[in-house]
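Okay, so here's the structure we're looking at.
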Amino acid sequence: MAGHAFAETIRSGKPQIGGWMQIPHVMVAETLAQTNLDFLLVDGEHSPIPPNSLLEILPATERYGMPVMYRVAWNRIELIKAALDHGANGIMVPMVNSGAEAIDAVSSAKYPPAGKRGSGAWRASNYYQNDSEYRKNANSSLAVVLQIETREALNNLDDIASTPGVDALFIGPADLALSFGMEPGRLAPELMDACQAVADAAKKYGIASGIDVASIDYLPRLRQMGLSLFTYGSDLDFVLQGGRAVAKDFHHVFLTK
């Protein structure tokens with residue numbers, strides 16, 4: 001595992017940029033792990049990567065010291081503990097709308113007395129060889145990031161952000177835009193106000209905040225608001241952008257002569 005540094009860096013508020021992994025193949029994981037991104041966000045919600053796929057993904061990313069955060073499909077203990085038992089460095093939980101849901105997410109990720117995670121971190125503890133040490137450090141060394149994606153969540157920001165054990169609030173701009181009745185993809189004033197509210201709530205309770213960005217050009221403005229944990233692009237995007245760039249350059253050379 002890529003240890004404490006990832007969770008500690010999130011908590012510090014130091015800016016970080018990660019990319020999404022959505023293609024369920026170890027070759028993609030191993031290639032992305034060499035990109036010099038700060039972390040990978042492996043998506044188990046909107047791509048076909050269930051927790052058991054981490055059995056192949058994590059050895060490939062760990063080879064290059066790349067931290068992995070895994071987004072579970074839903075706020076359920078069996079998904080959260082499975083990701084952590086495999087050895088993920090943190091979890092992202094989507095659609096957290098209340099303090100009670102935040103408590104559930106944190107509880108699923110923490111060992112007693114802070115939570116209800118059961119003993120059995122088979123791979124994360126190096127097949128139980130380091131089980132005691134792993135359990136001793138897991139509650140503090142693994143990141144818990146909760147997504148703010150609805151109007152309901154915005155109305156309950158204080159309850160969510162003040163939940164002990166939450167390391168960061170992460171805005172899902174597409175779903176948040178949809179909850180406002182807007183088309184995703186641009187930082188409309190109402191969405192920017194929501195981002196500021198999330199950043200302010202996170203700062204109030206001493207945790208980090210972040211967002212997925214559609215353009216690198218948005219980063220300075222969002223950073224100025226107080227956000228520090230960012231994602232941009234995915235394996236799918238990188239393949240498309242790279243291929244289209246080559247095609248554009250090729251056609252420019254041969255079609256403009």
Side-chain angles (χ1 to χ4, degrees), residues 1-47 49 53-72 83-84 86-92 123-124 141-145 147 167-174 187 195 199 202 207-249:
M1 292 177 59
H4 296 346
F6 179 51
E8 290 177 354
T9 303
I10 290 176
R11 294 176 195 132
S12 75
K14 178 183 177 181
Q16 294 191 88
I17 186 75
W20 291 84
M21 178 177 170
Q22 297 181 302
I23 301 172
H25 200 285
V26 65
M27 290 175 64
V28 175
E30 193 166 29
T31 304
L32 287 174
Q34 300 175 70
T35 58
N36 295 323
L37 290 164
D38 293 310
F39 65 96
L40 295 183
L41 191 38
V42 177
D43 188 12
E45 182 187 15
H46 292 303
S47 65
I49 307 181
S53 294
L54 293 171
L55 183 58
E56 293 185 341
I57 290 170
L58 290 172
T61 56
E62 289 164 358
R63 178 181 178 187
Y64 299 97
M66 175 64 77
V68 167
M69 185 185 304
Y70 181 77
R71 180 166 74 170
V72 295
L84 296 179
H86 275 78
N89 302 107
I91 54 147
M92 178 177 285
R123 183 177 181 276
S141 67
L142 302 174
V144 177
V145 178
Q147 283 201 267
D167 295 306
L169 304 180
F170 193 85
I171 300 161
L187 293 180
C195 291
I207 62 175
S209 57
I211 189 172
D212 180 63
V213 295
S215 170
I216 292 294
D217 294 337
Y218 296 161
L219 288 175
R221 186 178 177 191
L222 293 165
R223 177 59 182 151
Q224 189 175 32
M225 295 170 67
L227 285 82
S228 59
L229 184 65
F230 302 102
T231 55
Y232 171 76
S234 69
D235 41 17
L236 298 171
D237 296 324
F238 302 149
V239 171
L240 286 169
Q241 291 174 17
R244 287 170 176 168
V246 170
K248 181 180 179 181
D249 291 345

Identify the two heavy atoms, one from [X] and one from [Y], that lie closest to each other, and give their separation to 0.1 Å.
{"X": "Leu58", "Y": "Gly87", "result": "CD1-C, 3.6 Å"}
{"X": "Gly44", "Y": "Tyr70", "result": "CA-OH, 3.5 Å"}
{"X": "Ala29", "Y": "Ala60", "result": "CB-CB, 4.3 Å"}
{"X": "Leu55", "Y": "His86", "result": "N-CD2, 3.5 Å"}
{"X": "Thr31", "Y": "Thr35", "result": "O-CG2, 3.8 Å"}
{"X": "Ala168", "Y": "Leu229", "result": "CB-CD2, 4.2 Å"}

Nearest-0.5 Å distance that lies between atom [atom1] in [X] and atom [atom2] in [Y]:
{"X": "Asn89", "Y": "Met66", "atom1": "CG", "atom2": "CE", "answer": "10.5 Å"}
{"X": "Leu219", "Y": "Ile17", "atom1": "CG", "atom2": "CD1", "answer": "5.5 Å"}
{"X": "Lys14", "Y": "Ser228", "atom1": "NZ", "atom2": "OG", "answer": "11.5 Å"}
{"X": "Asp38", "Y": "Ile10", "atom1": "CG", "atom2": "CD1", "answer": "10.0 Å"}
{"X": "Leu169", "Y": "Leu227", "atom1": "CG", "atom2": "CG", "answer": "9.5 Å"}
{"X": "Leu240", "Y": "Asp235", "atom1": "CG", "atom2": "CG", "answer": "10.0 Å"}

How would you list all residue pairs meeting salt bridge (charged side-chain N to carboxylate O under 4.0 Å, His left out) that involve residues 16-30, not counting sequence neighbours? Glu30-Arg63

Can you check side-chain contact (heavy atoms from CB on, under 4.5 Å) on Thr231 and Phe39, steps first, answer last? CA-CA 9 Å; Thr231 55; Phe39 65 96; 3.8 Å; yes

For Asp249, is the CG atom crowded, meaning more than 12 foreign heavy atoms sit under 6.0 Å from it? yes

Atom CZ of Arg223 with >12 non-hydrogen neighbours under 6.0 angstrom: yes

Output, in order, the C-alpha distance, side-chain angles, deciding distance and verdict of side-chain contact (heavy atoms from CB on, under 4.5 Å) for Met21 and Thr61. CA-CA 11 Å; Met21 178 177 170; Thr61 56; 5.9 Å; no

Donor-acceptor under 3.5 Å ([X] side chain, [Y] main chain):
{"X": "Ser53", "Y": "Ile49", "value": "no"}
{"X": "Asp43", "Y": "Gln22", "value": "no"}
{"X": "Asp167", "Y": "Val144", "value": "yes"}

Would you check, one step at a time, whether the test side-chain contact (heavy atoms from CB on, under 4.5 Å) holds for Phe238 with Leu32? CA-CA 10 Å; Phe238 302 149; Leu32 287 174; 3.9 Å; yes

Carefully, step by step, assess Ile23 and Leu236 under the rule side-chain contact (heavy atoms from CB on, under 4.5 Å). CA-CA 7 Å; Ile23 301 172; Leu236 298 171; 3.7 Å; yes

Just so I know, are the side chains of His46 and Arg71 near enough to count as touching, which here means a heavy-atom distance under 4.5 Å? yes

Any non-hydrogen side-chain atom of Tyr218 less than 4.5 Å from a side-chain atom of Ile211? no

Kindly assign one of parallel, tilted or perpendicular to the pair Phe170 and Trp20, based on the angle between their ring planes and the thresholds 30° and 60°. perpendicular

